[in-house]
Protein chains: 2
Amino acid sequence: MLTLAVSILTMRSIRQDNITFQRMHIESLISYFDNHLRLNEEEKAFVRNNFFEKRVRRRQFILQEGDVCRLNTFVVEGCLRMYMVDEKGREHNLQFAVENWWIGDIGSFHSEKPSKLYIEAMENSIILQIRKEDQLRLFVEHPKFNRIFRVFTENALVSFQNRVLQNISSTAEERYLDFIARYPYLFNRISNVQIASYLGVTPEFLSTIRKKRSQS
Amino acid sequence: MLTLAVSILTMRSIRQDNITFQRMHIESLISYFDNHLRLNEEEKAFVRNNFFEKRVRRRQFILQEGDVCRLNTFVVEGCLRMYMVDEKGREHNLQFAVENWWIGDIGSFHSEKPSKLYIEAMENSIILQIRKEDQLRLFVEHPKFNRIFRVFTENALVSFQNRVLQNISSTAEERYLDFIARYPYLFNRISNVQIASYLGVTPEFLSTIRKKRSQS
DNA sequence: GTTTTTTCTTAAAGTACCTTATTGGCACAC
DNA sequence: GTGTGCCAATAAGGTACTTTAAGAAAAAAC
């Protein structure tokens with residue numbers, strides 16, 4: 001009898017923890033927004049009601065070529081990558097996303113045309129997603145989010161501009177060093193194959209770059 | 001006396017034309033906005049009062065390395081380019097802008113840090129510019145523009161993403177063909193030196209690509 | 001209309017990077 | 001234990017692209 005009571009208590013405690021834990025995730029998105037532009041209670045409620053949590057396991061896809069991207073994704077925990085497969089079957093990483101990053105095929109999301117991209121979890125991950133129609137409502141009913149997302153998009157644009165500049169002006173070695181300097185937390189977390197694909201070189205050539213650097 | 005009268009008339013007529021002409025320019029920006037999201041009279045008035053027209057001649061700069069980019073620029077007529085100069089003195093074109101395009105160093109505009117970019121007119125051009133503080137007022141006083149500029153920025157982001165994908169996955173020849181297909185009006189208008197710099201290859205190599213293509 | 005500058009082309013030698021193939025190491029499944 | 005990926009490293013031969021130099025054509029400046 002005593003044992004039973006303890007076991008029920010334990011279960012309840014675990015359940016409680018899970019609820020707290022899940023609530024924490026959407027709250028971390030809310031505080032993320034709130035840090036950019038203070039939200040009122042209505043706006044917070046909209047976020048709570050329209051983003052839903054999802055858990056994806058390593059190697060699971062949240063978008064595949066040919067699908068229309070109908071969800072915008074915020075990463076709470078874990079790591080994902082977005083990539084293209086060319087006609088020779090080679091993969092090319094367009095973007096990684098770890099904690100507090102957004103990921104999605106914006107082009108497909110807006111045009112509602114089939115995406116040419118894949119988004120795959122590289123680790124077991126926890127994400128928050130919103131449907132396109134809800135995001136549109138978000139922008140109409142709570143115009144503040146236009147401003148927030150305009151700034152996010154501008155920041156993303158700047159980093160892609162820098163990447164283009166690097167690609168047309170730097171060697172693979174320079175791009176690798178810049179990657180390490182810019183994303184030290186990624187560099188320790190993902191394989192060199194993935195980094196090579198992001199930089200636009202073969203893993204073999206990245207390996208020779210690394211060797212050369214470790215020697216000098 | 002008659003001659004004098006005629007000459008005054010002519011002058012007035014020219015002056016009149018210029019005024020009409022100038023008014024037309026800001027109106028073309030207004031109808032550009034209006035096509036994206038219908039503007040009311042207040043919003044139109046704000047645009048009329050806060051964008052100012054400027055004429056720049058070929059080879060003139062509207063931004064130079066080290067300057068903070070404090071203006072956002074809309075091209076009414078002409079053609080400009082934005083580029084970086086690397087440590088070896090080579091120029092790398094990040095973007096062109098012709099009629100109805102926006103150009104500016106968004107990173108510097110927001111951070112107010114010195115830009116690493118140049119923006120130079122490649123033809124005599126007519127542009128409309130807004131100061132940063134006025135654009136911020138635009139966003140606060142007329143929230144609709146957050147939405148408009150969010151969409152512009154998203155479109156720009158998509159095209160830079162495509163460019164990154166191309167740079168890491170395609171050969172110079174493929175990128176050249178794509179450039180021609182995507183921007184036929186630019187291809188006829190700017191020199192191959194500039195196109196090469198945009199694609200990230202030397203003019204000499206672009207020349208061999210062109211030769212190879214003209215033969216087959 | 002002439003000079004000056006810029007653009008386009010060609011060619012040869014050099015370098016950055018790719019392809020293919022082979023190896024060994026490490027994690028995970030059966 | 002043995003098989004089965006997946007990842008990192010290495011090497012040799014090949015290709016894409018650069019560098020340098022030089023000449024001709026076109027455009028811009030005077």
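- Of the residues in residues 176-198 of chain A, none has a non-hydrogen atom less than 4.0 angstrom from any atom of DNA chain C.
- Scored by the side chain to side chain donor-acceptor pair (under 3.5 Å) test, A/Trp101 finds no partners at all (sequence neighbours excluded).
- With a cutoff of under 4.0 Å to any heavy atom of chain B, the contacted region of DNA chain C is bounded 5' to 3' by C/dT6 to C/dA11.
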Q. If the sugar-phosphate is the primed atoms plus P, OP1 and OP2 and the base is the rest, what is the B/S/- string for nucleotides 11-30 of chain D, using protein heavy atoms under 4.0 Å?
A. S-----BBBB-------SS-
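- Closest of all the heavy-atom pairs between B/Gln166 and B/Asp178 is NE2-CG, 3.0 Å.
- Relative to the ring axis of A/Tyr198, A/Arg175 does not place its NZ or CZ within 45° and under 6.0 Å from the centre.
- The side chain to side chain donor-acceptor pair (under 3.5 Å) search around A/Asn192 returns none, not counting sequence neighbours.
- Side-chain atoms of B/Arg81 and B/Asn93 include a donor-acceptor pair closer than 3.5 Å.
- Residues passing the salt bridge (charged side-chain N to carboxylate O under 4.0 Å, His left out) test with B/Arg131 are B/Glu133, B/Asp134, sequence neighbours excluded.
- Listed by first and then second residue, the ring-ring contact (aromatic ring centres under 6.0 Å, His included) pairs involving residues 159-178 of chain A amount to none (not counting sequence neighbours).
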Validation: residues 149-158 of chain A side-chain donor-acceptor distances under 3.5 Å, sequence neighbours left out:
residue	atom	partner	partner atom	Å
A/Arg150	NE	B/Asn146	OD1	3.0
A/Arg150	NH1	A/Glu154	OE1	3.4
A/Arg150	NH1	A/Glu154	OE2	3.0
A/Arg150	NH2	B/Asn146	OD1	3.3
A/Thr153	OG1	A/Phe149	O	2.5
A/Glu154	OE1	B/His110	NE2	2.8
A/Asn155	ND2	A/Val151	O	3.4

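- Taking 4.0 Å as the cut-off between side-chain N and carboxylate O, A/Lys132 and A/Glu112 count as a salt-bridged pair.
- Relative to the axis of its first five pairs, the axis of the last five pairs of the helix from C/dG1-D/dC30 to C/dC30-D/dG1 sits at 50°, rounded to 10 degrees.
- Not counting sequence neighbours, the partners of B/Thr73 by the side-chain contact (heavy atoms from CB on, under 4.5 Å) test are B/Ile62, B/Ile103, B/Ile127, B/Gln129.
- Under the side chain to side chain donor-acceptor pair (under 3.5 Å) criterion, B/Gln60 pairs with no residue, sequence neighbours left out.
- In terms of the side-chain contact (heavy atoms from CB on, under 4.5 Å) criterion, residue partners of B/Glu204 (sequence neighbours excluded) are, by chain and number, B/Thr202.
- Close to D/dA8, at under 4.0 Å from its OP1 or OP2, lies no side-chain N or O of A/Arg210.
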